Engineer: 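Next up is a structure, given as structure tokens.
Here the structure is a predicted model, which means the values were calculated and not measured. Letters A, B, ... are given to chains in the order of the sequence lines, protein chains preceding strands, and every chain is numbered from 1.
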Amino acid sequence: MLQLHDVIKTYSGKSEVTALDGINLSIAAGEMVAIMGPSGSGKSTLLNLLGGLDVPTSGRVLVAGKDLAGESEKERSLFRRTSVSYIFQAYHLMPTLKVSQNVALPLHLAGVPANEINRRVAEVLREVGLEAREKHLPDELSGGERQRVAIARALVTGAALLLADEPTGNLDTARGEEILNLLRAIHRERGTTIVMVTHDHHAASACERLIKLRDGRVEGDSLRGGGDR
Amino acid sequence: MRFLLRTLSLSYVRRNVAKTLLTLLGVVVGVATFSAIRSAQGTLVKGIRSTVDRVAGKSQLQITMEGGVPEEVQERVRELPGIRATSPVIEQIVVPERGELGSLLVIGIDLLGDREMRDYGFDGDDADLDDPLLFLAQPDSAIFTRQFADKAGLKTGQTISLRLPAGVKRVAARGLLSPKGFSEAFGGNLMVVDVYAAQELFGRGRRFDRLDVRLSEGTSVAQGSATLEKALGPAFRVETPARRGEQMERIVANFVSGFNVSSGFALSIGTFLIFNAFNVAVNRRRRDIGTLRALGATPRQVQLLFLAEALLIGVVGAAVGCLAGTALSQGFLRMMGQTTETVYGVTSSGAVHLPPGIVLESMVLGILASLAGAWGPALSASRIPPTEALAKGAFQARLPGRVAPRIAAGLAAFGCAILLALNPPFGGNQLILSVLLLGGAGLVLLVGPLSRALLQIFIPLATRFAPVSGRLSSDALLGNPRRTSGTVMAMALSLTFVLGFAGYMGSTKATMTRWMDDALTCDLFVRASANFSRPDFLFPGALREELLQVPGVRAVESYRGVRPLYQGQQILVNSIQVGPTMDRTRFEFIQGDAESMRRGVIREGMCTVSENFYRRFNLGVGQQVELVTPGGVVRIPIAAVLRDYSSDKGTVLLDRTRFLELWKDDRVDIFDVSVVPGADVGQVRDAVRAKLAGKFPALVSTRQEFTAEIGKAIDAFYALTRITVFLALLVAFLGIVTSLLISVAERTREIGILKALGGLPSQIARSIVLEALALALTGLVLALPAGNLFALFMEGAIAEYFTGWQMPHHYPWEILAQLLIALPLISAFAAWIPARQAGRLEITRAIEYE
């Protein structure tokens, strides 16, 4: 599903910063993977490359056999629209749109017919348990509910890859647990590949595989219950 | 896209009502000014033409002659073959004492013989004039249109006061015309009097303004025209009413087209405001853009979203602008009409309607202006990488490209503009447009790097004056070069216009004033009419002798000007007693000298020509001017070329004796009166007034009063400059407001942190005011050389092309002084809104702001 070959990402400015320094990774379809590491280890950069939000300075990022580094901005946008979905720590919901409108947004961007949008939105809102909140604005929801809206928005496109950037980072333990359960259920029931960046060991333990990064390099890659890959 | 517009865009509008209204205001101001000017122009020009057409009635040809058609010509014409009817006409614009009724076109016609020419359509019980003979017997008789009578509350038999050359006079309504055909001329502000009474009222002597001719059946216009031209000779002009309308239309159209600069300027202001507002919007919605991009929106979709918003704003703004334009247009028409009446002696009256063509044109231009303004911000929004859009912290727009090629391109464009202005391969509007486009493009390209360099000079000064606020404002200005240079660019461009126009206007006025000081040297001017180009009344020549009898009067010269066509241009032929005039006047000679002028003009019947005549027609000393006079074509040798600004088409000066010999018309426009040394000019003026009272209309002015009046006429001609100055100050104000609003939005987090660390609201407010002052000062410093170059271009290539005049450069110090006072005040006032917004920021929210 995901393959990274000798991926280097540097940011130029007054001084050059190497965020990823020769990453080689492979994640199979249907896996649920946690990426951990201290601040500045390159976790979010890695996630951005996997989602086609950014391109590597060198190396190859293959997602479902497609090398994103060689794709144009438009092709990467279309890839994000159909093949990948995101969950952010800060939710990134449109504050002025109602819950159902936020969830429907990627479908509108893709030009899906209105009745199909309504059907799919209702279905995912039911799945995340927010059917009663569809007319609310994000400001009227709790942190956990907002993250569930973000998850519903990620699910609605039916993308096979879900990238989550600190999905429980803004939540208390109970709400965080709810979100993790939801992600596990999605992984289990839909077979979605989930790659989650987190600082939280408890959140990481929800995943089958743990990749540790430090200074832009893979420091460790292990399966739940022990054993290196 | 509709979903995004309905949800994201609409919600942004709801949350930012004031900013949206400000954005709309940009389009509304632009479109309203544009549509008002265009519709007023159209109404004025078409009104003049339509008046000519409607007043012409069934006449197929019209005979005119410079100075008026002598009465006896009517008899000669009537007897020619192919002529069915002739009718004499006198036309004069007067103003009712109740100014709000608008100017009134007085038509003097022969009521007994005019029915062949015009359908009067009398209004009333018997649908005709009660008794034409009674009408003629009473000298105060007049016929009004029903439309005007209703407006003035006038009924048959009642009187109305009019300002006539001889003073205020009451005329009685003896009949009313129904609103159709003829009576719709001049927007219905029409008064019909007997032609012979009009001769008396308006000092036409035994002449008419024109003869209207109706041809017999079977006689073509070409045949009739040929017959008349052959019988009357070259001094008479035989034209169809349509052609005469076209000519008048052309004269006025040249003047009103000057307003196109102001309307184009207004639209560019709209574009600038949209640009600024969309910059604010892109900045504020950066996170939304990032989310959209992360969800798969393509760069094109993001760009289209902003452009669709601009389209909607353009449509709504343009529609409101058209409505506002309708309201403004009447004012523009009044202003333009007053000027054309003073300067050219023609005007139009009536209500302005926005024709569908102008509505469409305004809507399209408003929408295009909106899209053009939003294009840049929309493009930059689409280019924001999603990772950057979603990143926390202040968003700083990147430096626009590489600086060196930008400076090189700017210098090249500017250089081309200067070269083109110095060696114009073509003239007129084409030249103005090319130089303005190249110069404007050069300024736009150079303004970014130059403003940055200037700010780096200003900022240490500001920091020395206010260490904390100065530092904060410098960070804000230099940290976002795109926003800073955008605002400075708009200010520099508009101030360039102001300084350029003011410089040109100042040079024109200074040149004219200097020339008037040299040329208008007598003590009193006795005129019959306030109109410079189309006098309402002419004095009989014999009046000079009477004026010489007035105690205190030493000398009187009789001035008369006629405006014949020369090579298709309406030049001015001046005549005066040249000898005594030369004794008191300092002429500036381009060719020849005082001696050759004295000898040639006085003794040998030669003429002098003005410098612009010499340039325009390439005729100087040793050559001859071919003038069409009532006696035929006469070739007059040129004795000297003088600097003279009496006509923008060129002037020929003849001695009075030579003029009388050629034109056989001794009537006088102005008597130039010199008083005996030591006499009190005021007392002599009063004595002249007393002498003429009750006999002739007389405007007796001292030299100062007369030059002040001419100065006022020049000012009226440059009314558009005042509009431009106003619009430029509006740009300064709105530009600074929007720029600083973006600045405060970008620095919300920084302002929050400063406040948390103990920064006082006054320190933050001061930094915003300093930012505004730095923007204004930078714009002004850049505009100083650019405005000067623009003024030089206007005074040189443009003035020479349109008028042939050469004017010494006059720097607009007064306007600069006014700007130096007004700009800081406007800047500080404009900074007040964003400063208040910054002062009100709650620390906790501001720190959370991303």
Side-chain angles (χ1 to χ4, degrees), chain A residues 9 11 13 19 44-49 51-55 71-98 100-114 117 137-139 150 153-154 156-157 159 163 165, chain B residues 1-17 19-20 281 284-306 308-309 379-394 396 398-399 479 749 845 848-850:
Chain A
K9 178 68 187 178
Y11 293 103
S44 294
T45 304
L46 180 62
L47 207 66
N48 287 341
L49 295 183
L53 286 176
D54 208 345
V55 286
E71 301 286 293
S72 69
E73 184 65 44
K74 185 182 173 185
E75 284 165 333
R76 279 189 286 122
S77 297
L78 296 176
F79 161 77
R80 286 197 295 274
R81 190 185 287 174
T82 53
S83 308
V84 67
S85 47
Y86 265 99
I87 305 168
F88 302 95
Q89 179 182 358
Y91 324 122
H92 289 323
L93 299 175
M94 297 290 182
T96 55
L97 300 192
K98 291 172 190 161
S100 57
Q101 290 175 321
N102 260 299
V103 174
L105 196 52
L107 300 178
H108 280 290
L109 288 172
V112 174
I117 290 175
L137 288 170
D139 277 355
R153 186 177 66 185
V156 79
T157 58
L163 302 173
D165 191 357
Chain B
M1 189 56 63
R2 264 192 319 189
F3 172 78
L4 297 180
L5 271 176
R6 213 178 53 233
T7 52
L8 289 181
S9 308
L10 197 64
S11 64
Y12 180 76
V13 169
R14 280 201 203 108
R15 287 177 162 214
N16 298 277
V17 174
K19 281 184 198 70
T20 308
R284 295 208 158 183
R285 293 157 70 184
R286 179 174 59 96
R287 300 296 297 272
D288 289 357
I289 295 167
T291 308
L292 281 176
R293 294 297 314 281
L295 295 176
T298 60
R300 194 177 163 76
Q301 278 181 312
V302 172
Q303 190 184 5
L304 282 177
L305 175 65
F306 282 99
E309 289 176 16
L379 193 65
S380 62
S382 73
R383 286 178 178 170
I384 300 173
T387 46
E388 191 173 310
L390 292 170
K392 290 181 181 179
Q396 303 293 341
R398 285 182 165 72
L399 264 171
R749 200 182 174 92
R845 282 194 174 204
E848 286 294 308
Y849 186 89
E850 287 168 3

Engineer: So do Asn102(A) and Tyr91(A) actually touch side chain to side chain, heavy atoms under 4.5 Å?
Structural biologist: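 Heavy-atom side-chain distance check fails, nothing below 4.5 Å.
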Engineer: Phe306(B): which residues meet the ring pair (Phe, Tyr, Trp, His ring centres under 6.0 Å) condition with it, sequence neighbours left out?
Structural biologist: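 For Phe306(B) there are no ring pair (Phe, Tyr, Trp, His ring centres under 6.0 Å) partners, ignoring immediate neighbours.
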Engineer: Using a cut-off of under 4.5 Å for heavy-atom pairs, which of Met94(A), Gln101(A), Lys98(A) has the most such pairs with chain B?
Structural biologist: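 Option with the top pair count is Met94(A).
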Engineer: Check each atom of Phe88(A) against the heavy atoms of chain B and say whether the ones under 4.5 Å are side chain, backbone, both or neither.
Structural biologist: side chain
Engineer: Would you mind checking which part of Leu105(A) comes under 4.5 Å of any heavy atom in chain B, side chain (CB onward), backbone (N, CA, C, O), both or neither?
Structural biologist: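 Both the backbone and the side chain of Leu105(A) come within 4.5 Å of chain B.
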Engineer: For Ser9(B), what residues pass the side chain to side chain contact (heavy atoms under 4.5 Å, CB included) criterion, not counting sequence neighbours?
Structural biologist: Leu5(B), Arg285(B), Leu305(B), Glu309(B)
Engineer: Select one option (side chain, backbone, both, neither) describing which atoms of Arg153(A) are under 4.5 Å from chain B's heavy atoms.
Structural biologist: side chain
Engineer: Checking heavy atoms, do the side chain of Leu292(B), its backbone, both or neither come under 4.5 Å from chain A?
Structural biologist: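 For Leu292(B), the contact with chain A is made by backbone and side chain together.
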Engineer: Would you confirm whether Arg293(B), through its side chain, and Pro385(B), through its main-chain N or O, come within 3.5 Å as a donor-acceptor pair?
Structural biologist: no
Engineer: Leu4(B) versus Leu109(A): any side-chain heavy-atom pair under 4.5 Å?
Structural biologist: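 In contact.
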